Undergrad: 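Before anything else, here's the structure in question.
Throughout, numbering of the chain's residues begins at 1 and tracks the sequence. In listed order, ligands and their atoms are each counted from 1. Please read all numbers here as calculations on a predicted model, not as lab measurements.
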Amino acid sequence: MTIHHHPSDETVLAYTNGSLNTALALVVGAHADGCGTCRQTIRLAQTLGGLFLDSLSPAEMESDALARVIQRLDGPEEKTVPPAPRPSLEAKLPAFLQNQTVGRKRWLAPGIWIRPILKDREHGTRAYLIGAAAGKALPHHGHNGIELTQVLQGEFFDGSISYGVGDFLEADGGHNHRPVVGPGQECICAIASQGIPRGMAGFLMRVFT
Ligand SMILES: [Zn+2]
């Protein structure tokens, strides 16, 4: 698998330092699962972040800090939460998405389906899977915020640019597009979007995710 399109450096850094919200981080993590280049960037950013922390002078502690820690240790034990049962998932999901609860498949139009993964109301973002049959054109839409797309299966075209398995498309608020699935097989993508896309695509998303 040759990956031609990656998240921007800003997005990878935000992912690494934890400032990317959950839905967006999920799709960047799914990309990093299969991309050695981005994993290397993440490791480098983590190392640089660690060096930066090491260079900071130690913070002054409150005089009662130790007593408070001991008091916390003496407190009631935290209850162990049993692991949630593993949901049934699409077989092609990358490891990063394997422990997510994926909602049921809903048909948006003939040949186009959607399965919600999560909705982050605080940040107005959502993550979902979308599948479209070979040759299908998705509704033309603009964005009110960032939209991150990770290709899990098949191929789609955004204008003349092809996105295949492992590729990542980062569209900002000014990006208007009408992705078209390549010939041969169904295209399945993990998508995270901020806000609701403009137009009919946004209406359908509000109803189905
Ligand atoms: Zn990458």
Side-chain angles (χ1 to χ4, degrees), residues 1-53 89-100 102 114-118 120 123-132 134 138 141-143 145-195 197 209:
M1 174 174 74
T2 307
I3 298 175
H4 298 285
H5 305 284
H6 305 267
S8 65
D9 288 344
E10 291 78 13
T11 297
V12 174
L13 287 177
Y15 172 77
T16 308
N17 69 24
S19 62
L20 212 56
N21 70 65
T22 320
L24 302 179
L26 206 59
V27 176
V28 177
H31 173 80
D33 258 357
C35 180
T37 307
C38 285
R39 282 201 305 275
Q40 213 168 3
T41 310
I42 290 166
R43 274 196 297 271
L44 180 65
Q46 284 169 335
T47 306
L48 291 175
L51 289 175
F52 174 71
L53 285 176
L89 296 165
E90 302 278 336
K92 307 153 194 91
L93 287 186
F96 201 80
L97 297 177
Q98 290 284 328
N99 61 353
Q100 296 298 315
V102 180
I114 196 163
R115 291 184 69 171
I117 300 177
L118 67 85
D120 179 346
H123 298 99
T125 53
R126 59 189 77 210
Y128 49 94
L129 298 177
I130 196 159
L138 271 74
H141 62 281
H143 300 275
I146 194 171
E147 182 185 79
L148 307 180
T149 301
Q150 170 68 14
V151 184
L152 305 178
Q153 177 191 297
E155 173 194 35
F156 74 86
F157 290 86
D158 188 20
S160 60
I161 303 172
S162 157
Y163 293 83
V165 174
D167 278 334
F168 191 92
L169 170 60
E170 190 168 330
D172 63 20
H175 192 84
N176 286 282
H177 63 168
R178 186 177 192 231
V180 178
V181 177
Q185 72 177 132
E186 182 182 51
C187 182
I188 299 176
C189 295
I191 299 182
S193 57
Q194 200 167 33
T209 65

Undergrad: Taking it one step at a time, do His123 and Gln194 satisfy side chain to side chain contact (heavy atoms under 4.5 Å, CB included)?
TA: CA-CA 8 Å; His123 298 99; Gln194 200 167 33; 5.7 Å; no

Undergrad: Return the orientation label for the His5 and Tyr163 ring planes: parallel under 30°, perpendicular over 60°, tilted otherwise.
TA: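 The rings of His5 and Tyr163 sit tilted, inter-plane angle from 30° to 60°.
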
Undergrad: Could you enumerate the protein N, O or S atoms under 2.8 Å from the Zn ion (ligand 1), written like residue then atom name?
TA: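 Near the Zn ion (ligand 1), below 2.8 Å, one finds His6 ND1, His31 NE2, Cys35 SG, Cys38 SG.
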
Undergrad: Got a second to check how far Ile42's CD1 is from Thr47's OG1, nearest 0.5 Å?
TA: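 Here the rounded value is 11.5 Å.
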
Undergrad: Quick one: CG on Leu129 to CG on Leu152, what's the gap to the nearest 0.5 Å?
TA: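 The CG atom of Leu129 sits 6.5 Å away from the CG atom of Leu152.
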
Undergrad: Carefully, step by step, assess Ile130 and Leu138 under the rule side chain to side chain contact (heavy atoms under 4.5 Å, CB included).
TA: CA-CA 10 Å; Ile130 196 159; Leu138 271 74; 4.1 Å; yes

Undergrad: Under the rule for ring pair (Phe, Tyr, Trp, His ring centres under 6.0 Å), what residues qualify as partners of Phe96, not counting sequence neighbours?
TA: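 Per chain and number, Phe96 pairs via ring pair (Phe, Tyr, Trp, His ring centres under 6.0 Å) with no residue.
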
